[in-house]
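Predicted, not measured: the structure shown is a model, and the values here were computed from it. So you know, we letter chains A, B, ... as the sequences are listed, proteins then strands, and number each from 1.
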There are 2 protein chains.
Amino acid sequence: MFRVRNFSSRPRSAARLERELARIPDVLKEQVDRIAEAIIYLYTESRRLTKDQAAKHGLTGPQLTVVKILDELGDLSLSELSDRIRAQNSTVTGIVDRMEREGLVDRKRSAEDRRVVHIRLTDKGHKLARQLDFEPFSIFRHALQQALEPAELVQLLALLDKLARWVRREVEETAGARAKKRASNDD
Amino acid sequence: MFRVRNFSSRPRSAARLERELARIPDVLKEQVDRIAEAIIYLYTESRRLTKDQAAKHGLTGPQLTVVKILDELGDLSLSELSDRIRAQNSTVTGIVDRMEREGLVDRKRSAEDRRVVHIRLTDKGHKLARQLDFEPFSIFRHALQQALEPAELVQLLALLDKLARWVRREVEETAGARAKKRASNDD
DNA sequence: CGGCGATGTTTCGTGTGCGAAACTTCTCTT
DNA sequence: AAGAGAAGTTTCGCACACGAAACATCGCCG
């Protein structure tokens, strides 16, 4: 089992990548494209629907996610929140700014470590959270449960998991090769 | 909110379906969450890598996509381009603005219909396109081929396809029920 | 011909999303 | 204890991304 030294191909490895791609029969290439398309479709559609749902309560998509997470887990530091929603700190700062402006959350400097800021749902935020019949990406989950058999779910997870693990390993490897400081924050 | 059961398309024992609707075992719920997470991960990671690739040529992710599409298909109207990259016209206007500023494309008003604008790759744009060894989301495709066996690819596609079809049908249905003017423009 | 709805594009306002730089606080080393 | 460096957050500049409204043009219908 050979592996690709450099996942994100720079010009040097272009030939090699092309050689590898060429080895795959056209039928499979077709399948691969359709898989990619399906994943993209599922992701974007789910996001759009989440946004629609959020709009009904005067929220944006990410804001709804934050409300749900804080309601479920309690106060979180900004970094913890960033990890949860898989966004950069600078992005979350903006989201929290706007939510604070709307009176949904507030910030409280930590006593133990004065660098960290705890994000906390206000009463208004908690009230809103209780009204939300809705989990982020719940449409997605709902779809999974409705569209597939339990056995198929297990199968699908196994395949996606294998794929995700491969990508994760590959990304970390090239990140290491590039000597980037990008730490691997696993779930 | 979600009316689901289409008995017509899936002849299945009512008892079983009801059991599924009633309560999904926790084990499966867990699986469902992890599937969602995997898909989100794969999508965002692929996007990030595409962006990295584009940056090597002084482009952004969407701009790389536009260059590739125009190089392959020739001139397109802005609307056609929007359809291709699945974005709103207003979004593409901005992308084209910046690419025009960089001298990668230019706009030409159509003679037949003076409302439409043709987007065209400049020489510089074509030259750049030839340097790009890289297809949008090719990393994704590459990963699929490296990480999974052909048989697994087929399996994965079947499952995702089933899932995507279900979602598509559901979205169209609820969109129709809400009597929104949002026309379903399918591929 | 003249109006009028449909179509194609842009403008505007707002909200993500990212990376680099600035800033504050903590921690470790000497 | 001073200073170097790490860690947490914010600021800044940029590029999407979307929907609503403005604008221009087309097509049709009377």
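Comparing C/dT10, D/dT10, D/dC16 against the side chain of A/T93 picks out D/dT10 as the nearest. Closest to the side chain of B/R101, from the set C/dT11, D/dA15, C/dG8, is D/dA15. Comparing C/dC18, C/dT9, D/dC16 by their closest approach to the side chain of B/V116 singles out C/dT9. Distances were taken from every side-chain heavy atom of A/D113 (C-beta onward) to each of C/dT25, C/dT11, D/dC18; the shortest belongs to C/dT25.
Atom NZ in A/K56 sits about 15 Å away from atom P in D/dG19, given to the nearest Å. Rounded to whole angstrom, the span from the CZ atom of A/R98 across to the P atom of D/dT11 amounts to 12 Å. Per the geometry, CG belonging to A/D83 stands 10 Å off P belonging to D/dT9, to the nearest Å. One atom, CZ of B/R114, and another, P of C/dA6, lie 23 Å apart when rounded to the nearest Å. Taking atom CZ of residue B/R47 and atom P of nucleotide C/dT16, one finds them 15 Å apart after rounding to whole Å. Atom OH in A/Y43 sits about 13 Å away from atom P in C/dT16, given to the nearest Å. Rounded to whole Å, atom P of C/dC18 lies 13 Å from atom CG of B/L49. To the nearest angstrom, C1' of C/dG15 lies 12 Å from CG of A/D97.
Within the structure, every side-chain polar atom (N or O) of B/R115 is placed at least 4.0 Å from both OP1 and OP2 of C/dG8. OP1 or OP2 of D/dC18 sits under 4.0 Å from a side-chain N or O of B/T91. Residue A/Q88 has a polar side-chain atom (N or O) positioned under 4.0 Å from OP1 or OP2 of C/dG19. Between B/T60 and D/dC14 there is no side-chain polar atom (N or O) within less than 4.0 angstrom of OP1 or OP2. Between A/R86 and C/dG17 there is no side-chain N or O to OP1 or OP2 distance below 4.0 Å. OP1 or OP2 of C/dT10 lies within a sub-4.0 Å distance of a side-chain N or O belonging to B/R107.
The shortest side-chain heavy-atom distance between A/D83 and A/E80 does not fall under the 4.5 Å cut-off. For the pair B/T91/B/R86, no side-chain contact is recorded, criterion being any heavy-atom separation below 4.5 Å from C-beta on.
You'll find a donor-acceptor pair under 3.5 Å spanning the side chain of A/S90 and the base of C/dG19, going by distance alone.
Map A/G94 and A/K51 each onto its nearest nucleotide of DNA chain D; the residue landing nearer the 5' end is A/G94. The residue among A/E112 and A/P62 whose nearest nucleotide of DNA chain C lies closer to the 5′ end is A/P62.
With salt bridges taken as basic N to acidic carboxylate O contacts below 4.0 Å, none links B/K56 and B/D52. A salt bridge is absent between A/R34 and A/E37; no separation between the charged side-chain nitrogens and carboxylate oxygens falls under 4.0 Å.
Just one residue in the list B/V92, B/L70, B/L76 forms a side chain to side chain contact (heavy atoms under 4.5 Å, CB included) with B/I119, and that residue is B/L70.
A/S79 comes within 4.0 angstrom of the backbone, heavy atoms only, and of no base.
Of the possible polar contacts, none joining the B/S77 side chain to the B/H118 backbone as a donor-acceptor pair under 3.5 Å is found.
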